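Everything below concerns the one structure shown next.
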Protein chains: 2
Amino acid sequence: MKDKLTTDNASGTMSVRYINKKGDEVSVKHILLGVLSWAPNSGYGIKSEVEYKGRELGWGRVSFGSIYPQLKKLVDEGLIQTLHTGNEGRKTKIYELTSKGWTELTHWLNQPPSPPEMRDELFIKMSFWDTGSPEDRKSLIHHLRSRLKENREMLSHFEEWTKNDLSAIGEIGGISMDFIIARIRFDIEWYEKMVAVMNQQSNIPRQDPDQLFEKAKARRIEALRKDLVDED
Amino acid sequence: MKDKLTTDNASGTMSVRYINKKGDEVSVKHILLGVLSWAPNSGYGIKSEVEYKGRELGWGRVSFGSIYPQLKKLVDEGLIQTLHTGNEGRKTKIYELTSKGWTELTHWLNQPPSPPEMRDELFIKMSFWDTGSPEDRKSLIHHLRSRLKENREMLSHFEEWTKNDLSAIGEIGGISMDFIIARIRFDIEWYEKMVAVMNQQSNIPRQDPDQLFEKAKARRIEALRKDLVDED
DNA sequence: TAGGTCATGTAATCAGTTACATGATTTT
DNA sequence: AAAATCATGTAACTGATTACATGACCTA
């Protein structure tokens with residue numbers, strides 16, 4: 001269980017770094033522990049909590065297929081326990097943290113967080129746009145507008161929530177919530193700006209010292225032309 | 001291969017939505033295709049390209065363990081081909097896109113991108129901070145300062161890159177790069193602000209209509225006290 | 001000649017999703 | 001009585017990482 005120092009060939013930084021021991025990374029486990037720290041809850045309830053509060057809060061999504069087995073595992077590990085099972089007709093299991101669970105949560109919180117991992121398909125596409133789809137910007141503008149719309153909806157969702165919702169937000173949670181909202185506003189401004197820039201047909205390549213784009217363009221045309229000839 | 005309309009029990013939105021057909025989502029596949037659209041490259045070369053340019057560009061990471069098998073698969077599918085193999089002593093395989101590959105890339109670019117998926121452990125932790133670790137803000141301030149440092153380093157990395165680097169950036173790629181840099185600046189400002197706020201010991205809970213935090217605190221103390229008694 | 005970098009590849013594993021099965025309760 | 005929602009769970013799968021194996025070439 002000790003950290004291991006290794007030449008990390010697989011990481012591609014081609015240097016030496018620490019391989020983390022298992023157990024401290026982000027996972028469903030800690031989200032479950034965290035949500036249960038707010039209040040005892042059921043698997044189903046946790047899911048809706050994550051859906052509702054965790055949206056764009058940097059939580060990602062969690063499916064039932066990982067919640068229920070994980071809850072069982074946490075009970076086995078003694079981190080949570082059932083508060084009461086199916087008091088009414090509906091067989092709902094309500095879980096709460098054990099003292100071991102509280103300790104584990106606190107310990108995890110004090111561990112340094114790993115850098116944010118994000119994958120934004122829009123950005124990925126934009127980085128390849130110039131070679132892959134140089135002629136039609138219409139499609140990209142459409143992508144941007146959809147993103148803009150999504151973000152506007154998200155913004156009002158959060159604004160509504162912070163104003164009207166009765167559920168608890170602590171001081172720290174509130175600060176991060178303010179951050180999230182400010183960032184959505186920032187993003188919206190930028191998406192608007194990008195749409196505007198994109199609309200004024202410019203088409204000046206920014207940097208192409210080795211004529212990489214020119215060559216790519218040529219290769220692309222060549223490849224597609226060859227295709228047409230082959231089909232005859 | 002047709003879209004299927006389903007009552008989506010597993011998604012937890014507990015509503016009806018479209019299940020996407022496979023093949024259009026973000027994946028290593030399209031990153032490989034995209035990097036190869038810039039210029040023919042090897043598996044190893046693609047990896048360093050992703051490390052270097054893709055850092056915080058919304059690409060995520062890619063490991064050799066997924067690159068090499070995926071390259072093989074793409075050859076089988078006829079989307080890429082080896083340009084030349086190991087001309088010198090070193091057995092480097094250089095791949096390039098086929099016409100089918102260019103078509104696939106262009107098609108993928110025109111598909112609407114899925115919403116960004118991100119998981120930021122720092123935010124997750126902050127949302128649970130108030131219940132899990134109410135007493136010591138020191139640890140959180142430390143997390144924030146580390147994040148601040150990381151972002152400052154990232155900023156200078158990107159600023160250096162756009163100024164001095166000779167590699168190609170197209171118009172669109174340049175715009176998204178500007179966005180990324182602006183967002184890092186925005187984040188830095190906010191992290192600074194948060195550290196400042198955190199330092200002036202306030203400790204006023206923001207919203208707690210149902211005394212959820214009070215109760216959580218009590219449960220926590222109770223659970224931890226019980227633990228101590230049991231150990232006797 | 002030893003250590004680093006360049007370079008490709010595979011087997012084991014893993015965290016998580018998807019899809020399915022089941023059934024009670026509530027709403028229309 | 002049908003449809004939607006609440007609620008739990010499992011089996012199959014999947015995309016990816018980790019860890020390992022191998023070897024050439026480069027430079028201090």
Side-chain angles (χ1 to χ4, degrees), chain A residues 4-23 25-32 41-51 59-73 75 82 85-95 114 117 119, chain B residues 4-23 25-32 41-51 59-73 75 82 85-95 114 117 119:
Chain A
K4 212 176 106 194
L5 194 60
T6 312
T7 29
D8 181 17
N9 186 24
S11 94
T13 43
M14 296 113 189
S15 62
V16 174
R17 62 153 198 174
Y18 281 93
I19 307 292
N20 280 338
K21 58 180 193 289
K22 301 269 164 124
E25 343 76 62
V26 205
S27 55
V28 177
K29 177 181 168 180
H30 294 108
I31 291 178
L32 298 186
N41 210 337
S42 66
Y44 194 87
I46 290 170
K47 170 88 202 201
S48 25
E49 207 77 30
V50 173
E51 280 306 311
W59 293 21
R61 308 185 130 251
V62 191
S63 66
F64 286 125
S66 50
I67 289 176
Y68 288 116
Q70 193 55 247
L71 281 172
K72 202 170 252 178
K73 218 176 147 197
V75 172
T82 50
T85 313
N87 45 352
E88 341 89 64
R90 250 180 199 155
K91 48 199 163 170
T92 314
K93 283 186 193 170
I94 305 291
Y95 295 95
S114 44
E117 28 182 295
R119 179 164 280 180
Chain B
K4 210 176 106 195
L5 195 61
T6 313
T7 29
D8 181 20
N9 186 24
S11 95
T13 44
M14 298 110 188
S15 62
V16 174
R17 64 154 195 171
Y18 281 93
I19 307 293
N20 282 337
K21 58 180 192 292
K22 301 267 165 125
E25 342 76 64
V26 207
S27 57
V28 178
K29 178 181 167 180
H30 294 107
I31 291 178
L32 297 186
N41 211 336
S42 67
Y44 194 86
I46 290 169
K47 172 85 203 207
S48 25
E49 206 77 29
V50 173
E51 279 308 310
W59 293 22
R61 309 186 129 251
V62 190
S63 67
F64 286 126
S66 49
I67 288 177
Y68 288 116
Q70 192 55 245
L71 282 172
K72 204 171 251 180
K73 219 176 147 196
V75 172
T82 49
T85 314
N87 43 352
E88 340 87 67
R90 249 179 199 157
K91 48 195 166 171
T92 314
K93 283 186 194 170
I94 306 291
Y95 295 94
S114 44
E117 28 181 296
R119 177 164 280 182

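Computed from a predicted structure; not experimentally measured. Within every chain, numbering begins at 1; the chains are lettered A, B, ... in the order of the sequence lines, protein sequences first and strands thereafter. Both backbone and side-chain heavy atoms feed into the values below; hydrogens, waters and symmetry mates do not.
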Checklist entry - Looking across every strand, which nucleic acid part, if any, lies under 4.0 Å from B/Gly43 by heavy atom: base, sugar-phosphate, or nothing? => result sugar-phosphate
Checklist entry - Quick one: A/Lys93 NZ to D/dA7 C1', roughly how many Å, whole number? => result 11 Å
Next on the checklist: Please tell me if B/Thr92 has a side-chain N or O lying less than 4.0 Å from either OP1 or OP2 of C/dA7.
Outcome noted: yes
Checklist entry - Got B/Ile31 and B/Trp59 here, is their nearest side-chain heavy-atom distance under 4.5 Å? => result yes
Next on the checklist: If I take atom CD in residue B/Glu117 and atom P in nucleotide D/dG15, what distance separates them, rounded to the nearest angstrom?
Outcome noted: 13 Å
Next on the checklist: Set out, in order, the CA-CA distance, both residues' side-chain angles and the distance that settles salt bridge (Lys or Arg N to Asp or Glu O under 4.0 Å) for A/Arg61 and B/Glu117, then state yes or no.
Outcome noted: CA-CA 9 Å; A/Arg61 308 185 130 251; B/Glu117 28 181 296; over 6 Å; no
Checklist entry - Could you state the CG-P distance from B/Leu71 to D/dA16, rounded to the nearest angstrom? => result 13 Å
Next on the checklist: Check the phosphate of C/dT10 against B/Lys72, side-chain N and O only, distance under 4.0 Å to OP1 or OP2. Yes or no?
Outcome noted: yes
Checklist entry - Considering only D/dT10, C/dT10, C/dG16, which nucleotide approaches the side chain of A/Ser27 most closely? => result C/dG16
Next on the checklist: Expressed as a whole number of angstroms, how long is the span from B/Lys91:NZ to D/dG23:P?
Outcome noted: 8 Å
Checklist entry - Which angle, to the nearest 10 degrees, lies between the helix axes at the two ends of the helix from C/dT1-D/dA28 to C/dT28-D/dA1, each defined by five pairs? => result 30°
Checklist entry - So do B/Tyr44 and B/Thr92 actually touch side chain to side chain, heavy atoms under 4.5 Å? => result no
Item to check | B/Ser63 vs B/Ile67 side-chain heavy atoms within contact, under 4.5 Å | outcome: no
Checklist entry - Are any of A/Arg119's side-chain N or O atoms less than 4.0 Å away from OP1 or OP2 of D/dA16? => result yes
Next on the checklist: Does D/dT8 have OP1 or OP2 under 4.0 Å away from a side-chain N or O of A/Tyr44?
Outcome noted: no
Checklist outcome for this item: Atom NE2 of A/His30 and atom C1' of C/dG16 are separated, to the nearest Å, by 16 Å
Next on the checklist: Distance check needed: D/dC6 P versus A/Glu51 CD, whole Å only.
Outcome noted: 12 Å
Next on the checklist: Looking at every non-hydrogen atom in both residues, tell me the closest pair between A/Asn41 and A/Gly45 and how far apart they are.
Outcome noted: OD1-CA, 3.3 Å
Checklist entry - Does a side-chain N or O from B/Ser66 land closer than 4.0 Å to OP1 or OP2 of D/dT17, or not? => result yes
Checklist entry - Rounding to a whole Å, what distance do you find between B/Lys73:NZ and C/dG9:C1'? => result 17 Å
Item to check | Closest listed nucleotide, where the reference is the side chain of B/Tyr68 and the choices are C/dT17, C/dG9, D/dT8 | outcome: C/dG9
Checklist entry - Considering residues at least two apart in sequence or located in another chain, which fulfil the side chain to side chain donor-acceptor pair (under 3.5 Å) criterion with A/Glu49? => result A/Lys53
Checklist entry - What residues, two or more places apart in sequence or in another chain, satisfy side chain to side chain contact (heavy atoms under 4.5 Å, CB included) together with B/Lys73? => result B/Gln70, B/Glu77
Next on the checklist: In this structure, how many angstroms lie between the P atom of C/dT5 and the CZ atom of B/Phe64, rounded?
Outcome noted: 13 Å
